[in-house]
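Chain A is the first sequence line, chain B the second, and so forth, proteins listed ahead of strands; every chain is numbered from 1.
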Amino acid sequence: MSDTTPTPHGAALLGAGTARRSLGTATPATRIIGLLTLATMTWVVVSAFFITSPDVVQGDSVRIMYAHVPAAWVAYLAFVTTAIASGISVVRRHRTLGFDRVAGASAEVGVLFMGLALVTGSLWGRLTWGTFWQWDPRLTTTLFLFITYVGYLAVRRIDASPERRAKRSAVLALLAVLEIPLVHFSVVLWRSLHQEASVLNPDGDVRLDGLMLFTLFSGVVAFTLGFVWLVIHRQRLQALVDLQGTVGLDSAIAARATEAVLR
Amino acid sequence: MNLPDESSDSVIQLRDVVVAPAGFPALAGATLEVRAGELVALRGANGAGKTTLLRLCAGLAPLARGAASVLGVDLSRDRAAVRRSVGFVGHRNGLYGELTARENVAFVGALVNATRSEVDAVLEEFGLGGRVADTRAVALSAGQRRRTALASLAVRRARLWLLDEPHSALDADSRQQLERVFIQATAAGVTVVYTTHERSSNSQPMPRTITMDAGRVVQDHA
Amino acid sequence: MKDLGFILLSWSVTLGSMALLALATLRRAKSLAARIRRPEALAVVAMELTPRPDQPASSRRRLLPAIIAGLAVVVGIGIVAIFLTSSIDYYCNVDEIGVREGCDDTRRVRVQGTVDEGSLEQRMSTTAFVMSFNGASLPVEYDGEPGGIFQECIPVVAHGRVVDGVLQATRIEVKHSNEYEAQNKERITEAETSACS
Amino acid sequence: MRNVFAVARKDLVVEWRARLLLVRVLPFALLVLVLFAVALDSEALLERAAAGLVWLAAMFAALLVVQRCYDIETADGALDMLLTSVVEPSRVFFGKLLAVVGQLLVLVVVLVGGAVVLYGVRVDAAGLVLLVTTVVTAVIGLASVGTLYGAVVAQLTGRDSLLPLLAMPVLAPLLIGASRATEAAFGSRTIDLATGWAWTALLAVFAVVFTAAGAASFATLTEPDA
């Protein structure tokens with residue numbers, strides 16, 4: 001059982017880097033990440049729409065793949081990040097709230113990307129399978145994963161002390177991440193309508209055409225960069241909220257002191 | 001289990017403690033020391049921080065700032081150890097309504113491996129013998145419920161009792177019985193800290209009275 | 001044209017929601033930072049943070065998560081119920097019909113196989129074709145026109161009941177293989193010869 | 001161990017005296033069975049879906065039992081008493097788990113009986129062994145997930161709706177496994193006994209994982225903060 005550290009005073013909460021610049025969430029590093037995201041994303045869109053050719057069987061609908069696969073990948077990455085940050089915040093005795101903020105920010109972005117993977121996958125399914133949705137192991141387990149993390153965010157949003165929020169959500173995140181292998185291998189375990197993984201399949205063969213593979217790969221890079229940018233900004237946003245609480249606490253203590261003197 | 005340091009008789013030591021559940025400083029820099037065997041009444045208006053101070057000492061509320069140690073254990077280090085050694089009764093009694101007075105005490109007894117005769121002896125001592133012992137907690141009077149909760153602390157042999165508003169909703173008779181329990185307990189070396197919102201009382205053993213306001217200790221009369 | 005619409009929709013939803021989240025984050029951070037920097041705003045912060053312990057939390061903040069959670073629960077119950085009843089159709093390969101337990105002709109099955117080359121026929125509103133897998137074949141009749149990229153030489157999953165050796169399908173889905181190839185002339189011929197061999 | 005039994009015994013006595021299982025949870029679960037029968041309205045379909053419906057009803061009822069097992073601690077502030085006592089949190093978890101398992105066993109036995117009467121399923125000797133094993137492992141899994149997630153939402157606002165939201169996706173594999181194994185035990189033609197036993201093994205793994213997770217995280221979850 002670990003006790004959380006008292007919240008540090010004032011701007012120290014945001015770390016050394018923040019004290020130097022104005023209070024905000026952008027730094028030169030995040031600006032570079034942001035620009036890189038925009039550049040790679042532009043290339044992916046151009047390549048997905050104009051440079052790559054249609055697939056032999058799927059035709060043009062393969063162009064959805066270049067958004068669908070990276071979105072799903074980033075969602076997994078986000079949920080694993082949440083689990084790792086939560087694990088650290090449980091194990092460490094002091095200054096755990098920073099890791100809790102990273103876990104929360106990462107889960108928020110992960111839920112967005114998982115939702116995008118479901119929407120794009122459903123549109124792609126209508127074009128190729130002829131159906132928006134199918135109660136198939138991969139699709140169903142993915143939906144369960146999505147709901148699990150919606151529940152995680154619901155627990156985080158509840159009015160509780162930051163320490164209680166951190167503890168309970170950390171346990172949830174560590175349990176939820178167990179579902180990810182189930183989702184990924186559901187295609188192999190059960191017979192499924194969803195195709196098996198093309199790149200990360202057990203045989204190690206890559207079943208993709210050269211330029212298509214490159215476009216998909218740059219999609220993964222672009223989406224991952226976007227994820228990093230979003231998580232950094234969102235966790236700093238949460239830090240600002242917590243800072244507001246600390247600064248508020250300082251003035252509230254002062255206010256209570258005058259309250260006592262006046263009486 | 002961390003036992004209190006026998007060489008020092010200081011049971012509670014608080015220095016400039018701040019406790020801020022949900023950002024509001026319920027305790028805004030309180031300082032207090034309580035010695036073993038003392039009977040302490042915490043007085044103050046609603047929102048003065050009495051309950052929070054009790055919960056802090058019981059290891060139930062996290063320390064935001066300041067230094068606090070209870071029964072020789074640093075609260076910022078091992079709240080769980082503090083929790084295991086103090087006895088706490090909130091404004092609700094913490095009883096299971098469907099269980100009888102005896103079953104409630106016996107449950108706590110079972111957690112510390114107390115024997116059946118020990119449980120019966122404690123019940124007798126707290127005026128809960130006979131038919132009262134076999135009455136379900138929901139059907140007991142307010143005073144009997146309060147005494148059942150205190151009997152649970154006694155059967156655990158807790159050396160520090162932290163009681164939130166133990167006098168509330170009690171009639172004159174029950175108050176007297178409660179005060180008799182306090183005399184017995186302090187005589188046996190137990191430290192009793194309780195809160196009350198009454199301005200003054202004619203309690204028989206005059207407690208050391210501490211007045212709180214706006215999250216601080218403002219007056220201390222031994 | 002439907003294809004293009006869906007593709008554009010996919011991409012605009014993806015990029016749009018990412019951009020929205022990014023902008024919302026920046027705006028919120030800006031307003032928060034402004035409040036923390038201005039001393040007079042801090043008083044407001046202190047005021048906001050002064051709910052006495054006895055005061056109940058505002059009902060809106062308690063109600064909203066409850067409503068969201070309630071909706072999600074209803075959806076969850078629906079999903080579990082549908083998944084349980086839907087997976088009753090047993091999944092079989094063509095060569096397992098009548099052989100493997102559960103794939104007999106008394107119940108609804110999902111059969112997986114490849115559409116035989118030259119077997120596709122449109123009779124009035126019915127679509128008939130033969131599907132095979134691992135050397136065994138099964139004639140299929142489907143009332144209507146299968147959607148998606150249904151064509152010959154493609155793996156499909158047909159839902160239905162086997163009556164007198166013919167699968168009366170109520171639903172047909174295309175199972176896409178995990179191979180992706182760019183479309184160009186040599187490859188098309190290559191694919192056609194290899195797909196039905 | 002004595003602490004574990006003390007907590008379990010206390011929970012069961014409280015539940016028995018309150019008669020909640022008898023007057024609310026059991027009728028609710030049986031009502032679910034009856035409503036499904038009315039809604040599906042097909043003998044053949046019912047016989048095939050019987051196993052799944054039994055476990056679906058069991059899951060809904062289990063969530064009620066779990067809510068209740070934490071509500072008895074918060075009704076009169078007994079949780080503060082339990083926390084400020086000498087008990088190791090993991091022992092409280094095992095005690096509560098034991099009490100929930102006990103109640104759920106009664107519940108599932110009644111539900112299976114209901115399926116036999118209402119849905120006309122038949123169980124032979126070999127099927128009975130599988131059925132008993134499945135019920136025990138699945139109930140332990142159900143109870144461990146329930147007790148763990150019940151602790152996650154205990155004392156939070158909106159916990160009534162949060163618990164199903166959190167527990168349902170986790171329970172889905174258990175629900176599928178238990179339904180398949182029970183289907184095999186009911187002598188369904190779609191699934192043989194050997195496959196049924198394989199699903200039961202999966203259920204056992206599930207139960208072990210979540211019991212261990214609950215015991216490990218209970219202290220963190222019940223750490224008081226306000």
> Given a strict heavy-atom distance threshold of 4.5 Å, which part of D:Ala216 is in contact with chain A: side chain, backbone, both, or neither?
neither

> What heavy-atom pair brings D:Ala213 and A:Leu175 nearest, and what distance separates the two atoms?
CB-CD2, 3.7 Å

> What are the two closest non-hydrogen atoms of D:Leu162 and A:Gly151, and how far apart are they?
CD2-O, 4.5 Å

> Tell me, for A:Phe146 versus chain D, whether the close heavy atoms (under 4.5 Å) come from the side chain, the backbone, both or neither.
neither

> Identify the two heavy atoms, one from A:Phe144 and one from D:Ala172, that lie closest to each other, and give their separation to 0.1 Å.
CE1-CB, 3.3 Å

> Please determine, among D:Val209, D:Val170, D:Leu166, the option with the most heavy-atom pairs under 4.5 Å with chain A.
D:Leu166

> Calculate, to the nearest 0.5 Å, the distance between atoms CG and CZ belonging to D:Leu221 and A:Arg168 respectively.
6.5 Å

> Calculate, to the nearest 0.5 Å, the distance between atoms CG and CZ belonging to A:Leu178 and D:Phe210 respectively.
6.5 Å

